[in-house]
Amino acid sequence: MSIQRLRGTADILPDEAPLWRRIESAARREARLYGCREIRTPVFERTELFSRSVGETTDIVSREMYTFPDRGGRSVTLRPEGTAPVVRAYLENALHRTAREARLYYLGPIFRYEKPQAGRQRQHHQFGVEAFGDGGPAIDAEVIELLMRFYEELGMRDLSLLVNTVGCAACRPAFNGRLAAFLASRRPDICEDCRRRSDGNPLRVFDCKSAGCAAVIAEAPRAIESVCPACRVHFDGLRALLDEAGIAHTVRPELVRGIDYYTRTAFEVLAGGLGAQNAVGGGGRYDDLVESLGGPPTPAVGFGTGIERIVMVMAAQGIAAPPPDGAVVSVIAWEPEGIAAGRRALRSLRGAGIPAEMDHRGGSLRSQLRRAHRAAAAYALLVGAAECARGAARLKDMRTGEEREVPLEGIGAAMGRLAPAENRTGVPGGRRPS
RNA sequence: GUGGAUGUAGCUCAGUCCGGUUAGAGCACCUGGCUGUGGCCCAGGGGGUCGGGGGUUCAAAUCCCCUCAUCCACCCCA
């Protein structure tokens with residue numbers, strides 16, 4: 001084997017692409033239903049966009065970014081998350097001036113230099129939504145509802161939604177201080193990782209899985225009990241709205257996200273079948289980010305969800321993938337007299353919007369029919385010398401085996417009338433007739 | 001970055017512990033049986049740097065060392 005794909009990357013092969021398209025079109029449909037418009041930002045940005053927004057001390061910025069100097073000496077970074085570029089584009093193109101409230105969605109690759117494992121790659125893909133300009137809990141609930149509906153549309157089951165509040169600029173510093181002080185007092189009882197965390201981002205200790213730390217953490221002050229009255233009202237409001245929408249959720253006070261810009265609402269959706277990386281999606285509110293990137297004070301809330309992890313959950317839950325792409329009609333000519341007529345039929349079919357193929361290498365009728373069968377074509381068009389001489393061919397239904405003679409003239413239009421449902425790329429009745 | 005497991009045909013894997021004739025199976029692929037008819041069956045065929053490099057040995061897929069990759073877990077996240 002010569003050149004291989006880069007570590008942590010994956011090829012999405014023709015057999016898998018239909019499922020990806022289904023997921024992507026569900027994403028676009030849901031986003032549209034909720035009033036979101038698509039935005040496409042570059043896959044690379046100036047490095048400082050991410051260091052300033054995501055946070056210098058986060059794992060993402062401190063050790064996971066694909067950062068390199070370009071030929072002009074600028075430091076550029078492959079986007080390690082979707083929100084900061086959208087905020088940048090929102091400001092740079094003055095979208096906040098044309099509409100007070102903007103709802104945007106994106107779909108595309110994300111890059112993080114991590115060690116791959118189940119559900120974790122160096123390039124993965126996310127569907128994300130960002131809603132700007134509304135600081136109230138109703139929009140948080142709506143964004144979460146969009147996400148849960150999207151999963152539901154794909155047939156995903158047994159998901160758990162975890163919600164938390166991480167406070168705001170007014171109350172978080174004080175809480176962080178109290179937590180840090182508490183952790184300092186218990187420093188001998190906590191693990192090395194947590195000591196490190198208590199210096200950088202003390203909230204992270206709530207994530208620790210070590211048994212020793214769990215006992216300490218149980219006594220630690222909780223953000224949810226320490227936030228300011230405004231944050232409390234927002235969080236209670238969100239929970240009531242989720243209840244109203246019939247969206248089951250669990251309050252998880254230890255839920256913390258690894259990106260610094262979140263304020264107030266933080267949420268995550270967990271699923272089984274993913275291995276240790278059990279989050280399919282997550283997000284939250286980021287009321288200070290737009291302003292910190294140079295815009296006017298603008299509250300915002302959004303989520304990102306990983307397409308690869310959705311694919312994994314769907315596979316684990318046995319959710320059927322769409323049929324593979326393939327030709328609907330296989331044109332077969334096995335005698336010299338039929339070859340040119342076969343090619344004309346091929347053009348006629350394609351002109352009528354019917355996916356059609358013909359094996360130009362030829363071969364016996366038997367072998368070409370076998371190929372058509374394996375390619376799961378719905379029909380075979382047999383252009384034999386005898387029929388060809390009277391301007392006709394035999395149309396064979398591959399599922400039933402029935403054959404009838406059809407005129408070659410206008411074959412595309414005739415097939416279009418015969419099987420209008422097959423005018424698209426899908427093949428009716430599933431694939432692989434047996 | 002740390003730890004564990006695994007690398008043999010396009011795919012899934014046997015063979016490795018106990019070194020020994022041309023390295024196997026199933027599936028997939030190609031051809032024929034059926035000279036103008038797919039699926040099932042039968043027969044035949046193509047395909048391999050045994051991840052790479054080095055070492056030990058008369059002899060290495062097999063033993064030793066190094067290296068790379070993949071998977072899984074920690075960490076972190078989608």
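Lettering follows sequence order; numbering is per chain, from 1. This is a predicted model, so every value here is computed, not measured.
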**Student:** Return no unless some side-chain N or O of Arg370(A) is found under 4.0 Å from OP1 or OP2 of G33(B).
**Tutor:** no
**Student:** Salt-bridge test for Glu268(A) and Arg257(A): reply yes if a basic N is under 4.0 Å from a carboxylate O, no otherwise.
**Tutor:** yes
**Student:** When the distance from CD of Glu64(A) to P of C74(B) is rounded to whole Å, what number comes out?
**Tutor:** 15 Å
**Student:** Heavy atoms under 4.0 Å, any strand shown: does Glu114(A) hit a base, just sugar-phosphate, or nothing?
**Tutor:** base
**Student:** How many Å lie between CG on Leu382(A) and P on U37(B), as a whole number?
**Tutor:** 11 Å
**Student:** Within the modelled atom types, does a donor on one side and an acceptor on the other bring the side chain of Glu403(A) and the base of G36(B) under 3.5 Å apart?
**Tutor:** no
**Student:** Parallel, tilted or perpendicular: which describes the rings of Phe132(A) and Tyr90(A), with under 30° parallel and over 60° perpendicular?
**Tutor:** parallel
**Student:** May I ask you to say what Arg371(A) touches in the nucleic acid, namely base, sugar-phosphate or nothing, with a heavy-atom cut-off under 4.0 Å?
**Tutor:** sugar-phosphate
**Student:** Nearest whole Å is fine: how far is G38(B) P from Leu381(A) CG?
**Tutor:** 17 Å
**Student:** For atom P, what is the distance between G10(B) and A5(B), given to the nearest Å?
**Tutor:** 28 Å
**Student:** Mind checking who G48(B) pairs with, Watson-Crick or G-U wobble, both distances under 3.5 Å?
**Tutor:** none
**Student:** Figure out the CD/C1' separation between Glu24(A) and A78(B), and round it to whole Å.
**Tutor:** 15 Å
**Student:** With sequence neighbours left out, what residues match His249(A) under ring pair (Phe, Tyr, Trp, His ring centres under 6.0 Å)?
**Tutor:** none
**Student:** When you compare U62(B) with U57(B), how far apart are their C1' atoms, in angstrom units rounded to a whole number?
**Tutor:** 13 Å
**Student:** Using Watson-Crick or G-U wobble geometry with both distances under 3.5 Å, which nucleotide pairs with G36(B)?
**Tutor:** none
**Student:** Please classify the nucleic acid contact of Gly401(A) as base, sugar-phosphate, or nothing, using heavy-atom distances under 4.0 Å.
**Tutor:** base
**Student:** Using whole Å, report how far CD of Glu357(A) lies from C1' of G38(B).
**Tutor:** 13 Å
**Student:** Using a cut-off of 4.0 Å on non-hydrogen atoms, how would the nucleic acid contact of Glu268(A) be classed: base, sugar-phosphate, or nothing?
**Tutor:** nothing
**Student:** Under 3.5 Å for both donor-acceptor distances, Watson-Crick or wobble: does U31(B) have a partner, and if so which one?
**Tutor:** A43(B)
**Student:** Donor-acceptor pair, distance only, cut-off 3.5 Å: does the side chain of Thr263(A) make one with the backbone of Cys168(A)?
**Tutor:** no
**Student:** Distance to the ring centre below 6.0 angstrom and angle to the axis at most 45 degrees; does that hold for Arg122(A) and Tyr113(A)?
**Tutor:** yes
**Student:** So, His373(A) and G39(B): ring centres less than 5.5 Å apart, planes less than 30° off, yes or no?
**Tutor:** no
**Student:** Which nucleotide, C30(B), A78(B), G38(B), lies nearest any side-chain atom of Arg374(A)?
**Tutor:** C30(B)
**Student:** With C1' as the reference atom in both, quote the distance from U2(B) to G24(B) in angstrom, rounded to an integer.
**Tutor:** 39 Å
**Student:** NA contact type, Glu387(A), heavy-atom cut-off 4.0 Å: base, sugar-phosphate, or nothing?
**Tutor:** base
**Student:** Side chains of Tyr66(A) and Gln123(A): any donor to acceptor distance under 3.5 Å?
**Tutor:** no
**Student:** Classify the nucleic acid contact of Glu308(A) as base, sugar-phosphate or nothing, counting any heavy atom under 4.0 Å across all strands shown.
**Tutor:** nothing
**Student:** Say you pick atom P in G48(B) and the same atom in C11(B); how far apart are they, in whole Å?
**Tutor:** 13 Å
**Student:** Using a 4.0 Å heavy-atom cut-off across all strands, classify Ala380(A) as base, sugar-phosphate, or nothing.
**Tutor:** nothing
**Student:** Ignoring hydrogens, what is the shortest heavy-atom contact between Ala393(A) and Leu382(A)? Give both atom names and the distance.
**Tutor:** CB-O, 3.3 Å
**Student:** Roughly how many Å apart are U56(B) and C64(B), using the C1' atom of each and rounding to a whole number?
**Tutor:** 7 Å
**Student:** Distance alone, cut at 3.5 Å: any donor-acceptor contact between the side chains of Arg79(A) and Thr41(A)?
**Tutor:** yes
**Student:** Could you let me know what C63(B) is paired to, Watson-Crick or G-U wobble, both distances under 3.5 Å, or none if it's on its own?
**Tutor:** G55(B)
**Student:** Paired with A14(B): which nucleotide, if any, by Watson-Crick or G-U wobble criteria at under 3.5 Å for both distances?
**Tutor:** none
**Student:** Across all strands shown, which nucleotide pairs with G19(B) by Watson-Crick or G-U wobble geometry, both distances under 3.5 Å?
**Tutor:** none
**Student:** May I have the distance from Leu270(A) (atom CG) to A78(B) (atom P), rounded to whole angstrom?
**Tutor:** 12 Å
**Student:** Can you tell which of A78(B), C75(B), G38(B) lies closest to the side chain of Asp59(A)?
**Tutor:** C75(B)
**Student:** Are more than 12 heavy atoms from other residues, nucleotides or ligands located less than 6.0 Å from atom CD of Glu403(A)?
**Tutor:** yes
**Student:** Check whether any side-chain nitrogen or oxygen of Arg366(A) sits under 4.0 Å from OP1 or OP2 of G38(B), and answer yes or no.
**Tutor:** yes
**Student:** For nucleotides 66-73 of chain B, just jot down a letter per nucleotide in 5' to 3' order: B, S or -, based on protein non-hydrogen atoms under 4.0 Å.
**Tutor:** ----SSSB
**Student:** Whole angstroms only, please: what is the NZ-P distance between Lys396(A) and G39(B)?
**Tutor:** 11 Å
**Student:** State whether the number of non-hydrogen atoms from other residues, nucleotides or ligands found under 6.0 Å of Phe44(A) atom CZ is greater than 12.
**Tutor:** no
**Student:** Ser367(A) or His125(A): which one's nearest nucleotide on RNA chain B is closer to the 5' end?
**Tutor:** Ser367(A)
**Student:** Rounded to the nearest angstrom, tell me the gap between atom CH2 in Trp334(A) and atom C1' in G38(B).
**Tutor:** 13 Å
**Student:** Does U6(B) have a Watson-Crick or wobble partner in any strand here, with both distances under 3.5 angstrom, and which is it?
**Tutor:** A69(B)
**Student:** Please work out if Arg257(A) contacts a base, only the sugar-phosphate, or nothing of the nucleic acid, heavy-atom cut-off 4.0 Å.
**Tutor:** sugar-phosphate
**Student:** Once you apply the 3.5 Å cut-off to both distances, tell me the Watson-Crick or G-U wobble partner of C74(B), or none.
**Tutor:** G1(B)
